[in-house]
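Below is one structure, written out as structure tokens; comments come after it.
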Amino acid sequence: SQKIEQNSEALNIQEGKTATLTCNYTNYSPAYLQWYRQDPGRGPVFLLLIRENEKEKRKERLKVTFDTTLKQSLFHITASQPADSATYLCALMNTGGFKTIFGAGTRLFVKA
Amino acid sequence: GAVVSQHPSRVICKSGTSVKIECRSLDFQATTMFWYRQFPKKSLMLMATSNEGSKATYEQGVEKDKFLINHASLTLSTLTVTSAHPEDSSFYICSARVHRGSGRAGYNEQFFGPGTRLTVL
């Protein structure tokens with residue numbers, strides 16, 4: 001069955017460092033991969049989308065890589081800040097976006 | 001742009017009652033909306049796809065008579081939890097799909113509502 005794995009353990013890093021979160025998937029060939037941020041008790045907020053034919057995408061301090069051979073995406077936050085503390089969800093979409101599968105998310109804590 | 005609202009944000013009800021949750025796209029029209037359920041520290045679980053003017057498509061294992069979905073307009077979808085029981089307590093989130101770009105460069109983006117915390121006593 002289709003499966004997305006994100007590190008269930010929380011990631012604790014020091015302010016100013018780069019946070020790297022991993023998303024691995026199996027039994028799926030997504031057309032797009034998305035990353036969302038979710039704060040406690042709130043709905044997810046879209047951050048970045050990367051297509052299957054793209055290797056890397058950047059947006060301000062965020063960078064996403066997508067390796068369809070390894071079936072893995074890495075999500076980087078450079079110069080991290082305490083305000084970046086949240087849960088980050090990886091999501092896979094098929095062509096047309098008719099079905100999106102979400103990972104359980106990784107909790108990030110950035111210490112001042 | 002692309003703001004999705006949900007109402008109410010929190011609801012507490014007695015077992016056996018029905019609860020309606022509204023999902024609205026505030027500044028755009030959404031022909032397709034999705035309803036998700038999320039348990040603590042778990043991933044979003046898609047419950048159903050709501051299509052304007054037609055019946056919702058439910059995921060396997062989701063009781064359509066239990067979770068009634070109505071998408072009567074291009075900006076409003078409602079989820080009614082009928083005869084709610086404590087096991088229905090959860091965080092319910094809706095999203096609306098927006099198409100960006102065109103042709104091969106086009107893609108679909110989802111915008112989520114803030115969620116509704118349902119507690120059934």
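In what follows, every heavy atom counts, from backbone to side chain, and hydrogens, waters and symmetry copies are set aside.
- Using a 4.5 Å cut-off between heavy atoms, Gln6(A) makes no contact with chain B at all.
- The closest side-chain donor-acceptor pair between Gln110(B) and Gln34(A), if any, does not fall under 3.5 angstrom.
- Within a 6.0 Å radius of NZ in Lys20(B), no more than 12 heavy atoms belonging to other residues, nucleotides or ligands are found.
- Using a 4.5 Å heavy-atom cutoff, the side chains of Leu89(A) and Leu44(B) are in contact.
- More than 12 heavy atoms of other residues, nucleotides or ligands lie within 6.0 Å of CG in Leu70(A), so this atom counts as buried by the packing criterion.
- Atom OG of Ser43(B) and atom CD of Glu5(A) lie 12.0 Å apart (nearest 0.5 Å).
- Pro44(A) places a side-chain heavy atom less than 4.5 Å from the side chain of Ile93(B).
- The environment of Glu9(A) atom CD is sparse: at most 12 non-hydrogen atoms of other residues, nucleotides or ligands sit within 6.0 angstrom.
- Heavy-atom contacts from other residues, nucleotides or ligands closer than 6.0 Å to NE2 of His7(B) number 12 or fewer.
- Remark: Glu60(A) CD is loosely packed, at most 12 non-hydrogen atoms of other residues, nucleotides or ligands lying under 6.0 Å away.
- Rounding to the nearest 0.5 Å gives a distance of 12.0 Å between CZ of Arg42(A) and CZ of Arg117(B).
- Using a 4.5 Å cut-off between heavy atoms, Gln6(B) makes no contact with chain A at all.
- In the displayed structure, Arg10(B) atom CZ is contacted under 6.0 Å by at most 12 heavy atoms of other residues, nucleotides or ligands.
- Between Tyr36(B) and Tyr36(A), the ring centre distance reaches or exceeds 6.0 Å.
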